[in-house]
Amino acid sequence: KQGGSTITQQLAKGLMLTPERTIMRKIREMILAFKMESYLTKDQILEIYLNQIFLGHNAYGIRGAANAYYGKEPKDLSLAQAATLAGLTRAPSRDNPIASLERADGKRKYVLGRMLEESYITKSQYEQALDESIQPLEDENLNFKYAPYFVEHVRKYLVQKYGDDLILEGGLRIYTTVDSNAAKAAEIALRRGIEDVDHHQGYYGPITKIKKKDRKDYPSVLMTEQDSKKLERDRFYKALVTDVDNKKKLVLIHLGHREGFIVFDDMKWARRPNPEVYWEYGLIQKPSDALSEGDVIWVRLPRDKENSKPIKNAPKGRVRFVLTQEPKVQGALLAMDPSNGEIRAVVGGYDFNKSEFNRAVQASRQPGSAFKPIIYTAALDHGYTPASVVLDIPVVYDDPGQDFIWKPKNYAGEFHGDTIFRDCLVQSRNVPTIKIVENIGLDTVISYAERLGIRSPLQRNLSLALGSSSVTLLELTSAYSVFAAGGRRRDQEIFVSKVLDREDQILERNSYHDLSMDLIAQTIVAEKQVLSELQHKEAIEAGKVVKVDPEDPNQPEIVPTPEISLPSDYAISPQTAFIMTHLLKQVISAGTARRVYDAKRPAAGKTGTTNENHDAWFMGFTPDLVAGVWIGHDDASKSLGTMEDGGRVASPIWQAFMTEALVNEPRDFEIPEGVIAVPIDRESGKRTELKDNNTLEEYFKVGTEPLLNDPEKSIDKKSVQDFYLEE
C-alpha cells in the first residue's frame with residue numbers, strides 16, 4: 001500500500017506522474033527512475049528532489065520550508081534548524097514544528113544523531129544543536145484570520161474534486177474570488193453585530209466567582225493566562241471585579257497586567273434574560289444589579305461610538321472597558337458580485353475556532369418575509385402590476401381531515417382592506433401575499449424559486465407565502481443577485497477563480513478577469529462579452545409586454561410574460577427585474593428596512609422574520625454587490641426575543657458591512673427599455689395627475705400601466721370564504 005520507493009522513484013512520481021496507486025504507475029515510475037539515474041548524478045537527483053519535495057505548511061522545497069518555518073534562506077539556517085527540516089521528508093504534515101514541536105524535535109534529534117555517527121558533525125556541534133530552540137516563527141495566517149469559513153469551504157470543494165493527495169502534495173496554486181477588504185468588513189460587521197444582539201438576550205452571569213480569601217492572588221493567575229500589556233480592540237479579556245460602586249456608578253476591575261473600570265452606561269444591558277420583554281424595557285438600574293466583587297467577567301475595549309460618551313469620575317491610571325460576554329447567538333453573512341456570480345465574502349458564524357459549521361452555506365433556515373420577493377416576482381409575470389389592488393382582510397383556512405385551522409395575520413396584527421400591490425411588499429403584508437400565491441398557484445411560485453436559484457425542496461402549501469420552507473443563505477443571496485443583475489441568473493456561485501498545477505498548467509478556470517490570461521483566454525473573454533451583450537438585447541426585446549402587429553400598428557397586443565422566450569442565461573426579464581428592484585428600493589426608503597436608508601447610495605432589499613422571532617434576515621443589494629445576513633440560534637426553537645426582527649437585528653449588520661465593502665462611486669440601477677414611470681394614487685392605484693403626498697411614481701411594463709379614468713381593478717379573484725389548505 002505504501003513505501004518501497006527510492007528517492008529517484010519519489011522524484012519521478014512527484015515531477016512526472018500522478019499519485020494514483022496502481023501497478024502501471026509503479027512500472028512507469030521505475031522506468032523513469034532508471035532513465036534519470038542514467039543521465040544524472042546522485043547529487044543532482046538529490047538537489048532536484050530537495051527543491052520540489054513537500055515539507056508541510058504549504059512549503060515546497062528546502063528554500064520554501066526555510067522561509068515558511070524560520071523566515072530564512074537555506075544558507076542562513078542553523079544546524080538545528082537544518083536538521084529539523086531534513087527530518088520532515090517522511091511525514092511533513094504531521095512532523096513539522098508548527099503542527100507538533102515535540103515530533104519535530106524528535107526528528108531533529110534523530111538526524112543530528114545520525115550525522116554524529118557518520119562524522120558529519122563533532123560532539124560539541126551535536127550538543128550545541130540539541131540545546132538550540134527550534135521554535136518556528138509565529139506566522140499569521142491571513143486566510144484564516146480574515147476568511148476562515150471561505151477558505152474551509154474552498155478546501156472541501158477542492159478535496160472533493162481533486163482528492164487529498166493532489167491538494168496537499170501537488171504544489172497547486174489556488175486563486176479564489178474572495179475580496180480581502182470585503183472579507184475583513186464582513187468578519188468585523190457580523191462579529192460586532194452578533195455581540196450587540198446577544199446583549200439584547202440579557203446577561204448570562206460571571207464566568208466564575210472567586211472566594212474572598214483568593215481574590216488578592218487572582219490577578220497573578222490572570223497575568224499568566226493572558227497578556228493584557230498590549231491591548232487589542234475587539235479582543236475579549238478576563239477581569240476580576242474588585243469593587244462595585246452604585247453611588248458613582250462605576251465598577252473597578254483587574255486584568256492581571258493592568259487595572260480598569262466600567263462605567264454604568266457600558267453595562268446597563270446586563271439584565272436577567274427574559275425573551276418576553278423587549279431588552280430596552282428591562283435595563284438594569286445600578287451596577288450591583290448585575291455584578292458583585294469576586295466575579296470573573298469578560299470585558300473589551302470601547303469602540304468608536306462608545307468612546308464618544310463623556311465619563312464623569314473616571315479613576316486615574318485605569319483603562320476604560322466595556323462589559324461583554326461570549327455570545328450564544330449565531331449568524332452568517334455572504335456577499336456576491338451580481339455581475340459574475342463570484343463570492344466576495346463568507347462568514348459562517350461568530351468564531352471559526354469554536355465552530356467550523358458554516359451557517360452561510362450549510363444551515364437551512366426559514367427565510368420568513370425575505371422569501372416574498374420571489375413570490376412578487378412571479379406575480380409581476382402573471383397579471384399583477386405595482387398598482388394592482390389586493391384585499392387585506394381576515395381569512396380562515398380549515399382542514400377538517402387534519403383538524404387544523406389556520407388564521408394568518410400580518411406582523412402587527414392589523415388589516416388594511418384594499419391595498420395596492422406595491423404596499424403589500426414594501427410593508428411586508430402577510431395576508432395579501434397568501435392571496436397572491438392562491439391566485440397564481442403554488443406550482444408557479446416554486447417554479448420561479450427554482451429559476452432564481454433556490455435548490456432546497458419547498459413545501460407545497462400556502463405557508464410557503466410566509467417563507468416557511470427552509471433555504472440556505474447562499475441560495476437566497478443567489479436569488480437576489482438575479483434582481484441586481486437585471487434578470488441574469490448563475491448556474492453556480494463561484495468561489496474559485498482558477499487552479500494551476502506546479503507547472504502553471506490550468507486545471508480549472510471559472511472567471512476571466514485576471515491580468516495573466518493567455519491569448520486563448522482573452523479570446524474567450526471577448527466572445528463572452530459579445531454573447532452577453534447580445535443576450536441582454538434579446539432579453540430586453542423578449543421582456544417587452546406589448547407587441548405591435550405590423551399590419552395594424554394601432555392595435556398593440558399585450559403578451560403574457562410566461563409565454564415569452566428568454567435567453568438561456570436569464571431567469572426573468574430585465575423589465576421584471578427592474579420593477580422588483582424599484583419596489584425593494586422602497587422597502588429601504590419607506591418600508592421595513594428604513595434603518596439602512598442612505599440617500600447617497602441607491603440600494604434595494606428586504607427584511608425577513610420568522611414566527612416568534614426565531615430567525616432574522618436582511619437581504620440587500622446595490623448594482624455592484626449583493627449581501628445577505630442571517631441571525632438566530634443554532635437551536636431553531638429558541639427565540640431572539642420580543643421585537644427582535646430582521647429590521648432591528650440583521651439590517652444594521654448589513655449596513656455596517658456594505659459601508660466598508662463598497663469602495664466604488666455610487667450608481668443607480670439601469671432602467672431597461674420597455675419600462676415606464678407613471679404617477680399613481682397611493683391608495684387606489686389609479687393613475688393621477690395630482691402632485692401631492694398621496695401620489696407615488698411607480699414603474700410598469702409598457703402596456704400594463706394604468707390609464708387616466710380607468711375603472712378600479714382588483715386582482716383578488718377568490719372570495720374570502722373558508723379555504724381548504726392543501727397539503
Side-chain angles (χ1 to χ4, degrees), residues 177 179 182 185-186 189-190 332-347 360 367 369-374 376-377 380 425-426 428 449 452-454 471-490 493-494 570-572 574 576-608 617-630 646-647 650-672 699:
T177 61
D179 177 274
L190 185 67
L333 189 156
L334 187 142
M336 174 191 296
D337 185 336
S339 69
N340 51 31
E342 294 182 1
I343 304 299
R344 298 299 181 217
V346 175
V347 187
S369 293
F371 189 80
K372 285 178 181 172
I374 295 173
Y376 283 74
T377 297
L380 286 172
L425 178 61
V426 172
S428 200
L452 292 170
I454 303 298
V471 298
T472 67
L473 179 60
L474 176 62
E475 288 175 292
L476 206 54
T477 306
S478 184
Y480 275 72
S481 76
V482 175
F483 306 138
R488 189 186 295 273
R489 67 178 166 205
R490 305 292 163 191
E493 301 79 24
I494 300 172
Y570 280 77
I572 55 178
T576 299
F578 176 79
I579 292 171
M580 178 52 56
T581 296
H582 181 69
L583 292 172
L584 293 176
K585 284 176 69 176
Q586 295 174 83
V587 173
I588 288 179
S589 63
T592 58
R594 291 185 296 276
R595 287 174 179 81
V596 301
Y597 179 64
D598 180 356
K600 296 179 181 178
R601 186 178 287 277
K606 184 71 184 74
T607 55
W617 300 73
F618 185 75
M619 311 298 301
F621 57 94
T622 71
D624 302 301
L625 194 65
V626 186
V629 175
W630 167 82
S651 66
I653 297 172
W654 181 89
Q655 184 181 41
F657 164 70
M658 295 293 267
T659 299
E660 296 299 322
L662 290 170
V663 295
N664 57 326
E665 286 295 316
R667 63 189 179 99
D668 209 342
F669 299 93
E670 184 180 338
I671 305 174
Y699 286 90

Under the rule for side chain to side chain donor-acceptor pair (under 3.5 Å), what residues qualify as partners of [X], not counting sequence neighbours?
X    : value
T592 : T607
T177 : none
Y570 : R488, H536

### Message
Checking F657 now: which residues fulfil ring pair (Phe, Tyr, Trp, His ring centres under 6.0 Å) with it, not counting sequence neighbours?
### Response
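Applying ring pair (Phe, Tyr, Trp, His ring centres under 6.0 Å) to F657 gives none.
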### Query
For F578, which residues count as a ring pair (Phe, Tyr, Trp, His ring centres under 6.0 Å) partner, sequence neighbours excluded?
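If we apply the ring pair (Phe, Tyr, Trp, His ring centres under 6.0 Å) test to F578, skipping adjacent residues, the hits are Y699.
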Identify the heavy atoms of [X] and [Y] that sit nearest to each other, and give their distance.
X    : Y    : answer
L425 : V587 : O-CG2, 4.2 Å
L625 : A661 : CD2-CB, 4.0 Å
L584 : P373 : CD2-CG, 3.9 Å
A604 : I588 : C-CD1, 3.4 Å
A577 : G487 : CB-N, 3.4 Å

### Message
According to salt bridge (Lys or Arg N to Asp or Glu O under 4.0 Å), who are the partners of E475, at least two apart in sequence or on a separate chain?
### Response
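None.
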### Task
Would you check if the side chain of K372 reaches a backbone N or O of S428 as a donor-acceptor pair within less than 3.5 Å?
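Yes: the side chain of K372 pairs with the backbone of S428.
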### Task
For residues T622 and P602, determine if any side-chain heavy atom of one lies less than 4.5 Å from a side-chain heavy atom of the other.
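When only atoms from C-beta onward are counted, P602 and T622 do not touch, as no gap falls below 4.5 Å.
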### Side chains of N340 and I494 in contact at under 4.5 Å (non-hydrogen atoms)
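Not touching, per the 4.5 Å side-chain cut-off.
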Roughly how far apart are [X] [atom1] and [Y] [atom2], rounded to 0.5 Å?
X    : Y    : atom1 : atom2 : result
L452 : S481 : CG    : OG    : 9.0 Å
L333 : W630 : CG    : CH2   : 12.5 Å
R490 : D337 : CZ    : CG    : 8.5 Å
L476 : F371 : CG    : CZ    : 8.5 Å
M619 : L334 : CE    : CG    : 8.0 Å
L474 : M336 : CG    : CE    : 6.0 Å

Using side-chain contact (heavy atoms from CB on, under 4.5 Å) as the criterion, list what pairs up with [X], not counting sequence neighbours.
X    : value
A656 : A189
T377 : Y448, F483, I572, T576, M580
A484 : P338, F621, V626
S651 : R595, V596, F618

### Task
Any side chain to side chain donor-acceptor pair (under 3.5 Å) involving residues 653-669? Give me the pairs, sequence neighbours left out, ordered by first then second residue.
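Only K585-D668, D624-N664, D624-R667 qualify under side chain to side chain donor-acceptor pair (under 3.5 Å).
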### Query
Could you walk me through whether K606 and Y480 pass the side chain to side chain contact (heavy atoms under 4.5 Å, CB included) check?
CA-CA 10 Å; K606 184 71 184 74; Y480 275 72; 3.3 Å; yes
